[in-house]
Amino acid sequence: MRSGLLREVRGTCLCSILAPWPWASRFAFPDWAYKPESSPGSRQIQLWHFILELLQKEEYHDVIAWQGDYGEFVIKDPDEVARLWGIRKCKPHMNYDKLSRALRYYYNKRILHKTKGKRFTYKFNFSKVVLVNYPLLDMANSSLLLVGE
DNA sequence: CGCGGAATAA
DNA sequence: TTATTCCGCG
């Protein structure tokens, strides 16, 4: 996969977070963030997977990037993110209005929530997401994953 | 902008 | 079920 960024925690493949914070190395991303569309069990690419994908690549730091608290990110260029998402999903008429509606559906699912007052800023509920994706993961021994929420 | 209902698609 | 599309409201 992505050698160099990989860590092994209780059998679960994790990738170190690519963030500018000094304490960033203490945290990690579960590998579902990098799960290819073709992998067994996964259907079409999900929006939050795509968001994580962009967040993980430094070439998009002017488009979308981590900023603020752990799990918090800012969409610096809404039109560009929408354009990229539209290309990925073959939806040429995608725009931020529609993309943001999809993000809002994540609120009830507890995958994301809005950082109120901060424009284009959302925050991942990593602890919830990880529990959902890795129900058997021993959270007591994976406190590094529980910082969000 | 940000929100969430409603209809519809895949 | 996860979006996509459209939209009225604050």
Side-chain angles (χ1 to χ4, degrees), chain A residues 1-2 5-7 9-21 23-24 27-139 142 144-149:
Chain A
M1 269 212 213
R2 284 172 174 66
L5 290 176
L6 298 179
R7 286 178 68 185
V9 176
R10 285 187 156 280
T12 299
C13 174
L14 298 167
C15 299
S16 298
I17 195 171
L18 286 176
W21 320 310
W23 37 271
F27 304 103
F29 274 142
D31 66 352
W32 42 255
Y34 312 98
K35 192 183 297 177
E37 194 185 325
S38 59
S39 62
S42 67
R43 35 181 110 169
Q44 264 224 299
I45 177 79
Q46 253 155 296
L47 179 55
W48 54 290
H49 288 21
F50 178 75
I51 296 292
L52 249 15
E53 184 183 310
L54 293 185
L55 247 14
Q56 190 245 349
K57 298 177 181 177
E58 52 268 54
E59 59 256 49
Y60 296 111
H61 281 184
D62 291 330
V63 174
I64 185 171
W66 296 111
Q67 201 165 96
D69 296 338
Y70 175 59
E72 209 171 83
F73 63 95
V74 183
I75 296 175
K76 300 177 181 176
D77 189 340
D79 293 336
E80 180 62 6
V81 172
R83 194 181 68 81
L84 262 19
W85 176 234
I87 290 172
R88 179 65 68 89
K89 288 290 292 291
C90 299
K91 294 291 175 184
H93 302 302
M94 180 52 60
N95 56 35
Y96 180 69
D97 176 61
K98 289 183 277 195
L99 184 150
S100 62
R101 181 67 189 92
L103 291 180
R104 270 174 246 132
Y105 272 127
Y106 289 144
Y107 297 171
N108 282 333
K109 296 172 189 169
R110 315 230 55 214
I111 290 172
L112 279 184
H113 65 75
K114 188 76 180 69
T115 298
K116 291 168 185 172
K118 291 185 181 177
R119 211 164 173 238
F120 307 128
T121 303
Y122 300 81
K123 185 176 175 179
F124 276 99
N125 291 322
F126 281 127
S127 57
K128 185 69 179 182
V129 168
V130 169
L131 281 170
V132 169
N133 284 273
Y134 293 100
L136 300 180
L137 191 65
D138 184 345
M139 301 312 278
S142 306
L144 73 168
L145 296 172
L146 290 170
V147 180
E149 193 68 285

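The model shown is predicted, which means the values in this text are computed figures rather than measured ones. In what follows, every chain begins at residue 1, and chains take the letters A, B, ... in the order their sequences are listed.
- Contact between the side-chain N/O atoms of A:W85 and the OP1/OP2 oxygens of C:dT4 is found at a separation under 4.0 Å.
- One atom, CD1 of A:I45, and another, P of C:dA3, lie 9 Å apart when rounded to the nearest Å.
- Of the possible polar contacts, none joining the A:S100 side chain to the A:K98 backbone as a donor-acceptor pair under 3.5 Å is found.
- Along DNA chain B, the nucleotide closest to A:R101 and the one closest to A:Y96 are compared, and the more 5′ of them pairs with A:Y96.
- Put simply, A:K98 has a side-chain N or O that comes within less than 4.0 Å of OP1 or OP2 on C:dT5.
- The nearest whole Å value for the distance from the NZ atom in A:K89 to the P atom in C:dT1 is 17 Å.
- The residue A:F50 sits apart from the nucleic acid: no heavy atom pair falls under 4.0 Å.
- Rounding to whole angstrom units, CD of residue A:Q46 and C1' of C:dT1 are separated by 9 Å.
- In this pair, A:Y96 and A:F120 present their aromatic rings perpendicular. The plane angle is above 60°, beyond the 30 to 60° band.
- Taking atom CG of residue A:D97 and atom P of nucleotide C:dA3, one finds them 16 Å apart after rounding to whole Å.
- As judged by a 4.0 angstrom heavy-atom cut-off over every strand, A:K114 is placed among residues touching the sugar-phosphate backbone only.
- If you measure from atom OH of A:Y106 to atom C1' of C:dT4, you get 12 Å, rounded to the nearest angstrom.
- A distance-only check finds no donor-acceptor pair linking the side chain of A:K91 to the backbone of A:W85 [under 3.5 Å].
- Nucleic acid contact for A:L99: none, since no nucleic acid atom lies under 4.0 Å from a heavy atom of the residue.
- A perpendicular orientation is assigned to the rings of A:W66 and A:F73, their planes being inclined by more than 60° (bins at 30° and 60°).
- The minimum heavy-atom distance linking A:N125 with A:H113 is given by the pair OD1-CD2, 2.9 Å.
- For the pair A:Y105 OH and C:dT1 C1', the interatomic distance rounds to 11 Å; values are reported in whole Å.
- Ring pair A:Y106/A:W48 is perpendicular by interplanar angle, where above 60° counts as perpendicular and below 30° as parallel.
- Along DNA chain C, the nucleotide closest to A:R104 and the one closest to A:L47 are compared, and the more 5′ of them pairs with A:L47.
- Of all heavy-atom pairs between A:A102 and A:L47, the closest is CB-CD2, 3.5 Å.
- Residue A:M94 contributes atom CE, which lies 12 Å from atom C1' of C:dT2 at whole-angstrom precision.
- Once you apply a 4.0 Å limit to the heavy atoms of chain A, the touched nucleotides of DNA chain B run 5' to 3' over B:dC1 to B:dA7.
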